[in-house]
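Just so it is clear, the model here is predicted, and its values are computed rather than measured. All values below were derived from every heavy atom in this structure, side-chain atoms included, with hydrogens, water molecules and symmetry-related copies excluded.
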Amino acid sequence: MSSRPAPAAPPPVGRREYIGFMAMVFGMFMAILDIQIVSASIAEVQAGLAAGADEASWVQTSYLIAEIVMIPLSGYLSRLLSTRVLFTVSAAGFTVFSLLCATASSLPAMVAFRAVQGFFGGAMIPTVFAASFLLFAGAQRIRMSVLIGLTATLAPTIGPTLGGWLTEALSWRWLFLINIPVGAAVAATVWTCLDIDRADRSLLRGIDWIALAALAGFLGGLEYVMEEGPRWEWLADPTVRNGAILSAACALVFFHRTLTRPNPLVELRAFGDRNFAIGCLSSFALGIGLYGSVYLIPLFLGRVRGYNSLQIGETMFITGLAMFAAAPVVGRLAQRLDLRVMMAAGFLLMALSVWLTASLTNQSSFWEMALPLGLRGAGTMCAMLPVNQVALGTLPPAMLKNASGLYNLMRNLGGAIGLAAINTMAQDRSYLHRAQLVEAVGWGRAGAVQAVDRIAAALDGRIPGDAELAALKRVYAMVQREALVLAYNDVLVAMALLFVLVAPLAFLVGRPRVAGGGEAH
């Protein structure tokens, strides 16, 4: 059994600091929301910028690459500038570039503005996690962790709903214009109300510019490969292959300099803490669940059921409602139960929800998915709060800022790698199921021949041209649809298995204490 002294409890939080912290949470919500709110309306953005389908994907990719580069840098920048200055500058920059995105008239301009917007947005997310542990202790920390977990999980869930509504009611430009009043208010409030640490300008003299460039190449290249690889057959595409080579080379340079310099750009010693290391691994799996299911179910509803973005958002909103309902219950349970038990239960509940979802048919709709989607919302809340406490609750305050960046980076990497794996597996399994179904409906199958004849007879005289050819095309479309449904079910089963395997990790960590800091036993 090992133990360490618990960090001193933070002083009581006054109303001014509380208002400033709540403004930070709003800023984090805005930064996370801006990923999903745009993805639901990418077709409209593509049309508005006169871009091709493949080109338009860069509106998302550029944001994600810049965000994932900034997240691990946030700890260093927070120490250099102070939490107050970094968050205010980030919120203000995010707001300015939201305005520029809304007024963009060409794809290159939009991609450039989105990249800078993502870079500013990436600093806000981990800074909130670190601030919650620096400001609050005990029951207050639990309540704030519930609030942060609800915000981080709810934003991707309601993004498609809000994005679809804004695009249909107003225009796609309002996806960015909506950020302006919120971002301005957040920046002003944080600057006025929050001052929890001091800047350390001495860090500027020792900044490792080579490590900074290597970090950008490593994470930027990795994110590009994860985003574009599934669409271009991975390393068979020269651009994806070059991105992978760049990422690997930059990773070697970055890790060498980080592990050999006395004052590294990103401090990796936090991974020496067992709770933090396992918490980050659990956060990686949580990222797969959070972003993977929010991606896969709308994909099914759009490609198989033919729903538009607003209908997809309305179906997915049940997850957000379940999160709201579960949040106060999870907060109370966290003060009474062993957080390790809650963490394992959360992952098992996520596994159950995904497994129940893995019975999709071409007729599945809101009522068939309501229970699984609701369970996923409750399970995500039940898992995320303990994972936050396990990862960050036993670290000394001096390590929190840097560790928070690494912790949030793992969740985003989990999302990026999980989406790439989902796309690849869905594509491969759909090919396999299509081949099996084509064989099952071949000319040697009497039932298939009779079905084609019935469809041809029904179409005869109703359409111009060859009714039998039209019947064959309709049967092939049915085969493609059913292959997709079976492939999505396979992916969901694989995700359920992953969560079952992750759940026991909860019992490999020391028991985190929630009052006045952390202590591992």
Side-chain angles (χ1 to χ4, degrees), residues 26-68 70 90-122 124-125 151-187 227 290-291 294-295 298-299 301-302 307-317 320 412 415 419:
F26 271 105
M28 181 185 76
F29 179 81
M30 181 176 63
I32 298 175
L33 180 72
D34 222 64
I35 302 171
Q36 293 295 333
I37 198 175
V38 175
S39 65
S41 304
I42 198 69
E44 288 80 0
V45 176
Q46 171 193 335
L49 297 175
D54 294 335
E55 296 173 321
S57 66
W58 274 98
V59 175
Q60 286 295 85
T61 303
S62 60
Y63 184 98
L64 294 171
I65 289 176
E67 181 191 56
I68 210 168
M70 173 51 120
S90 298
F94 187 91
T95 304
V96 169
F97 280 89
S98 293
L99 176 61
L100 292 175
C101 287
T103 57
S105 58
S106 67
L107 182 67
M110 172 64 83
V111 170
F113 296 152
R114 279 286 280 173
V116 183
Q117 185 196 31
F119 193 73
F120 280 117
M124 291 192 278
I125 300 167
T151 303
T153 52
L154 188 61
T157 303
I158 70 169
T161 307
L162 182 58
W165 180 81
L166 284 172
T167 301
E168 292 199 9
L170 300 168
S171 81
W172 64 266
R173 297 188 185 275
W174 278 91
L175 301 174
F176 306 104
L177 291 173
I178 195 175
N179 293 329
I180 295 172
V182 179
V186 165
E227 284 288 313
L290 177 61
Y291 293 105
V294 171
Y295 170 77
L299 197 64
L301 293 173
Y307 283 16
N308 61 33
S309 57
L310 185 58
Q311 291 172 314
I312 292 171
E314 291 169 349
T315 303
M316 296 295 293
F317 196 65
N412 279 37
L419 290 181

Hey, could you give me the [atom1]/[atom2] distance between [X] and [Y], rounded to the nearest 0.5 Å?
| X | Y | atom1 | atom2 | result |
| --- | --- | --- | --- | --- |
| Thr151 | Met28 | OG1 | CE | 4.5 Å |
| Asn179 | Leu33 | CG | CG | 7.5 Å |
| Ile180 | Leu99 | CD1 | CG | 4.0 Å |
| Thr315 | Leu301 | OG1 | CG | 5.5 Å |
| Leu170 | Leu177 | CG | CG | 9.5 Å |
| Ser62 | Phe119 | OG | CZ | 13.5 Å |

- prompt: Taking side chain as C-beta onward, heavy atoms only, is Phe120 less than 4.5 Å from Thr95?
  reply: no
message: Any heavy-atom pair between the side chains of Val186 and Phe94 that's under 4.5 Å?
response: no
Greater than 12 external heavy atoms within 6.0 Å of Phe29's CZ: yes
Might you point out which heavy atoms bring [X] and [Y] nearest each other, and give the distance in Å?
| X | Y | result |
| --- | --- | --- |
| Trp172 | Ala104 | CH2-O, 4.3 Å |
| Ala66 | Ala115 | CB-O, 2.9 Å |
| Ala92 | Ala187 | N-CB, 4.1 Å |
| Met124 | Ala31 | CE-CB, 3.9 Å |
| Cys101 | Gln117 | SG-OE1, 4.0 Å |

field: Arg114 side-chain N/O to Phe97 backbone N/O, donor-acceptor pair under 3.5 Å
entry: no
